[in-house]
Amino acid sequence: KESLRKGTIISGDLGYFFAPYYGVGLSVSSFTSAKKSATLTNDDQNSTPLYSLSNQVHILYIGPSFYARNLMFKGRVSSILSISGGYLKYVEDRVIDNMPNKLTSSGVGAKLGISLEYKVIKNVGVGLNGGLNLGRLEVTDKLAPTDEQIQKLWMNHFTLGAGVRFYY
């Protein structure tokens, strides 16, 4: 379970500022968990394995964004707040005892972000950013017991990163 919380995030925004402090654009974020394989056993060390498990989670978000920007130090430093609502997709690739079980779901999600940036040259800035992706989707697992086949899962995850911003 721990390895499903860690993974690789690729995120990007394409924005247009129609005024110095406000803009609109498109936000995309993709999370892929670190693949984890394990063999589960009873607590008894001499027992035979119960089953082997391989699991990987993919979460994709894409949606329109609104940006609010604060310019400081003659425009060399800026902070940007982004708010977005859009499409959220969840895919979980599982293999239990060599039996594949793919879970998928999609729906509505949201993304909040904040960044602090320093403009190195006229068209390039570098900075730090943080984000929170939000969403709750209903997933159907046909291999689960009948009363547990439909589950509502939170797709929330928090990110910290460094980035490069290009201006045109």
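For the single chain, residues carry numbers from 1 onward in sequence order.
Side-chain contact between Ser79 and Met72: present, with at least one pair of heavy atoms (C-beta onward) separated by less than 4.5 Å. In this structure, Val77 and Leu116 have side chains that are in contact, with non-hydrogen atoms separated by less than 4.5 Å. Asp93 places a side-chain heavy atom less than 4.5 Å from the side chain of His58. Here the side chains of Tyr118 and Ser78 are not in contact, with every heavy-atom distance at 4.5 Å or above. Within the 4.5 Å cutoff, no side-chain heavy atoms of Thr104 are placed close to those of Tyr90. With a 4.5 Å cut-off on side-chain heavy atoms, Ser84 and Phe66 do not count as touching. Taking the side chain as every heavy atom from C-beta outward, Leu112 and Ile83 approach each other to under 4.5 Å.
A continuous path of ILVMFWY side-chain contacts below 4.5 Å connects Leu88 to Leu153, so both sit in one hydrophobic cluster.
Rounding to the nearest 0.5 Å gives a distance of 8.5 Å between CG of Leu137 and CD1 of Ile59. The NZ atom of Lys111 sits 10.5 Å away from the CD1 atom of Ile62 when rounded to the nearest 0.5 Å. Atom CD1 of Ile80 and atom CG of Asp13 lie 9.0 Å apart (nearest 0.5 Å). The distance from the OG atom of Ser30 to the OH atom of Tyr61 is 14.0 Å, given to the nearest 0.5 Å. Interatomic distance, Leu132 CG to Asn156 CG, rounded to the nearest 0.5 Å: 6.0 Å. Here the CG atom belonging to Asp141 is positioned 11.0 Å from the CD1 atom belonging to Ile150, to the nearest 0.5 angstrom.
Pairing each heavy atom of Gln56 with each of Ser33, the nearest pair is NE2-O, 2.9 Å. Considering all non-hydrogen atoms of both residues, Gly75 and Lys119 come closest at O-CD, 4.1 Å.
Residues satisfying the side chain to side chain contact (heavy atoms under 4.5 Å, CB included) criterion with Val124, sequence neighbours excluded, are Ile121, Val164, Phe166.
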Please list every donor-acceptor pair under 3.5 Å in which a side-chain atom of residues 14-23 meets a protein atom from a residue at least two apart or in another chain.
none

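At least one cation-pi condition fails for Lys122 and Tyr167: the charged atom is not both under 6.0 angstrom from the six-membered ring centre and inside a 45 degree cone around its axis.
Applying the side-chain hydrogen bond (donor to acceptor under 3.5 Å, both in side chains) rule to pairs touching residues 129-138 yields Ser29-Asn133, sequence neighbours excluded.
The six-membered or imidazole ring of Phe31 lies near that of His157, with a centre-to-centre distance under 6.0 Å.
Side chains of Ser105 and Lys89: no donor on one and acceptor on the other come within 3.5 Å.
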